[in-house]
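Below: the structure, in structure tokens.
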Amino acid sequence: MNAITSTPAQLLLAKFGLADRNDGDLVARSPIDGSVLARLRSDGKIDDKVARAVTAFPRWRDVPAPRRGELVRRFGEELRTNKDALGRLVTLETGKILSEGLGEVQEMIDICDFAVGLSRQLYGLTIASERPDHHLVERWHPLGPVAVISAFNFPVAVFAWNAALAWVCGNSVVWKPSEKTPLTALATAELFKRAAADFAEAPQGLLELALGGRDVGAALVADQRVKLVSATGSTRMGREIAPVVAARFGRSLLELGGNAAMIVTPSADLDLATRAATFSAVGTAGQRCTSLRRLIVHRTVQPQLVDRLVRAYGSLRIGDPLSPDTLVGPLLDGAAYDAMRAALDAAVSQGGKIRSGGERIEPADRDAFYVRPAIVEMPAQSAIVRHETFAPVLYVLSYETFDEALRLQNEVDQGLSSCIFSTDIRETERFLSAKGSDCGLANVNTGPSGAEIGGAFGGEKETGGGRESGSDAWKAYMRRQTQTVNFGTSLPLAQGVEFPVG
């Protein structure tokens, strides 16, 4: 594998005004070779940033929603113009392969398009009243400053899911990116700045960037002025955030852990299942919340499917993610590699048999962690299988009856994404019914990873219950008001209550 050189990296950073930043405490490294890309200054107190967002809110709230959409459209155009550069920066900072880095920017563009249309469709309801000469209306109003706390694995797309909707809904945004991926955040903020530069209605403070570690996130979560905290990360993180926000009667939108499963039935198209399982399990080096971690296969097709997967894994090109031929890039860092090795050791101790992968690839750079994705056959859904390990480890479980497959699918604590491969309509429809998958995302004959922005994204149970991106997810960024209008000359009361006065 070829290590990146400092010159191309600095040229890329220069496109966003980020070159030669080496005077801070926040170290940005590339997982590709462990090199230091920049040293940035983390933010200490964030009071001023939140204050600017608070000041911006009433000004932006008064801008008509279609005009707010116009600014988001301009942001989308900046993303289109700079898609290649920003996509490469995503790859440089996260280690995901280039097509995924470019795809992440395309996802930002897509949500901007969605939000522009939404800016003319923030619909309420007209409700028939039980009282004569009355009508009821439900209207949606801007909520207030929104905090977005994003994770390293999708450093810009998840931000855009939230910000594009928040902006067209009339809110300002404070963004706390992962301390592992500050450069992509700074680049994205620069593109938004360019989009807003000649937009007269855009106030200062519409996007505030808060760089730093856990203390910065904690300050945002606790700030009474922040009306909604949208946070993506671990279940542990969610357990810390939710009580703090609830104690101040704020809103939280949580996208937490995942432990996606694929059920493969005897009637499944195994070629299709093999391709879907391979991408879903090894894409982004297994570092997606929707990554496939549990393969639940009928015992009659398990040997054949596992053999196919072992062959497919053997053909994977692992290496520099900036190379167009690479399919699997590095893990984020040494901690991710240690977690993967610990999971494999636990799986073996719990009766598992490693069929493929798990080893670090040599020659291994001291600060870069390339691994072969692992396939592990397990005798049961043991403790390690129930635990989400953010690495390319695929556990294979067998089942006898469809009831057993559904039980295995649902008996973990996480509830984000799921799928089934079957050509039996009774099986697929049951999987999609209330008696089937208990996840927020349920797919038929396609993998669990790779959601489109048109549908609301999120999950149940320890995944947090939040919904982002498409559908009616915009309602999370607004407050609902029920309005009653009396256009008559009398004052009838609801429910027939009589209250004669005078």
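Here the structure is a predicted model, which is why all the values come from computation and not from measurement.
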Verify the distance criterion only: is there a donor paired with an acceptor across the side chains of [X] and [Y] at less than 3.5 Å?
{"X": "S449", "Y": "T290", "answer": "yes"}
{"X": "T284", "Y": "E100", "answer": "yes"}
{"X": "Q414", "Y": "E388", "answer": "no"}

- Item | Q121 CD: over 12 foreign heavy atoms closer than 6.0 Å | yes
Closer than 3.5 angstrom, by distance alone: can the side chain of [X] be matched with the main-chain N or O of [Y] as a donor-acceptor pair?
{"X": "N171", "Y": "P142", "result": "no"}
{"X": "R251", "Y": "A476", "result": "yes"}
{"X": "S30", "Y": "S35", "result": "no"}
{"X": "R29", "Y": "G34", "result": "yes"}
{"X": "S418", "Y": "L441", "result": "yes"}
{"X": "Y370", "Y": "I32", "result": "yes"}
{"X": "R288", "Y": "F154", "result": "no"}
{"X": "Q10", "Y": "D20", "result": "yes"}
{"X": "N22", "Y": "A38", "result": "no"}
{"X": "N259", "Y": "V385", "result": "yes"}

I'd like to know if [X] and [Y] make a salt bridge, using a cut-off of under 4.0 Å between side-chain N and carboxylate O.
{"X": "R467", "Y": "E460", "value": "yes"}
{"X": "D223", "Y": "R225", "value": "yes"}
{"X": "R74", "Y": "E78", "value": "no"}
{"X": "D333", "Y": "K180", "value": "yes"}
{"X": "E377", "Y": "K353", "value": "no"}
{"X": "K176", "Y": "E179", "value": "yes"}
{"X": "D345", "Y": "R341", "value": "yes"}
{"X": "D413", "Y": "R386", "value": "no"}

- Task: Could you label the plane-to-plane angle of the W474 and W140 rings as parallel, tilted or perpendicular, counting under 30° as parallel and over 60° as perpendicular?
- Result: perpendicular
- Item | Approximate separation, where rounding is to 0.5 Å, of T463 OG1 and F457 CZ | 9.0 Å
- Message: With rounding to the nearest 0.5 angstrom, report the OH to CZ distance, Y399 to R407.
- Response: 13.0 Å
- Output all residues satisfying side-chain contact (heavy atoms from CB on, under 4.5 Å) with V63, sequence neighbours left out; order by chain, then residue number. W60, R67, R68, E201
- Note on the structure: Per side chain to side chain contact (heavy atoms under 4.5 Å, CB included), T184 is matched among V105, T91, V156, L18 by V156
- Message: Counting C-beta onward and ignoring hydrogens, is there a side-chain heavy-atom pair between V245 and V226 closer than 4.5 Å?
- Response: no
- Between F192 and W167, does the ring centre distance come in under 6.0 Å? yes
